[in-house]
Q: 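Below is a structure I'd like to ask you about.
This structure is a prediction, so every number in the text was calculated from the model and none was measured. Every heavy atom of this structure was used, including side-chain atoms; hydrogens, water molecules and symmetry mates were not. The residues of the chain are indexed from 1 along the displayed sequence.
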Amino acid sequence: MTGPARVIDALYVDCGEGREIRHGDRAGQITWRRQPRARFECLRCHTVEGPVTGPLAVQRFAATIRTTHRATCPAAATHHGRTAA
């Protein structure tokens with residue numbers, strides 16, 4: 001049995017507010033009142049990354065930020081027992 005889980009980082013995503021155009025030559029496109037946005041906070045080293053804005057930027061950011069930050073987090077060695085080679 002494992003111990004209690006600890007939160008070590010947080011990814012905040014606001015999906016924005018948009019409407020899909022349903023008719024005409026722009027059908028399927030979205031007009032944004034408020035663009036999607038995201039930011040990442042590491043609770044170990046207190047780094048804040050972002051915010052990024054826009055649907056494609058948020059998608060790329062959310063897909064990679066945890067892995068990218070964990071590879072460079074200065075607090076990772078002290079909190080996860082990693083040692084330098």
Q: To the nearest 0.5 angstrom, please state how far the CD atom of Q35 sits from the CG atom of D14.
A: 10.5 Å

Q: Give me the atom names and distance for the closest heavy-atom approach of T53 to A57.
A: O-CB, 3.6 Å

Q: Got P36 and P55 here, is their nearest side-chain heavy-atom distance under 4.5 Å?
A: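 P36 reaches P55 side chain to side chain.
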
Q: Mind checking whether E41 and L11 have side chains closer than 4.5 Å, heavy atoms only?
A: no

Q: Between G28 and E20, what is the shortest heavy-atom contact and its length?
A: CA-OE2, 3.6 Å

Q: If every non-hydrogen atom of W32 is compared with every non-hydrogen atom of C15, which pair is closest and at what distance?
A: CZ3-O, 3.7 Å

Q: Would you give the length of the straight line joining atom SG of C73 to atom NE2 of H46, rounded to the nearest 0.5 angstrom?
A: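 The distance works out to 10.0 Å.
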
Q: For the residue pair V58 and V52, establish whether any side-chain heavy-atom pair is separated by less than 4.5 Å.
A: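 Yes; the side chains approach each other to less than 4.5 Å.
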
Q: Can you tell if the side chain of E49 reaches within under 4.5 Å of the side chain of H69, non-hydrogen atoms only?
A: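 Yes - at least one pair of side-chain heavy atoms lies under 4.5 Å apart.
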
Q: Could you check whether any side-chain heavy atom of D9 comes within less than 4.5 Å of a side-chain heavy atom of F40, counting everything from C-beta outward?
A: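 Yes, close enough: below the 4.5 Å cut-off.
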
Q: Determine whether R19 and I30 make a side-chain contact, defined as any pair of heavy atoms from C-beta on separated by less than 4.5 Å.
A: no

Q: Are there more than 12 heavy atoms of other residues, nucleotides or ligands under 6.0 Å from atom CD of Q59?
A: no

Q: Nearest 0.5 angstrom please: R70 CZ to I8 CD1, how far?
A: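 Between atom CZ of R70 and atom CD1 of I8 there are 4.5 Å.
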
Q: Could you please spell out the steps behind the side chain to side chain contact (heavy atoms under 4.5 Å, CB included) verdict for R26 and T31?
A: CA-CA 10 Å; R26 294 181 55 206; T31 57; 3.7 Å; yes

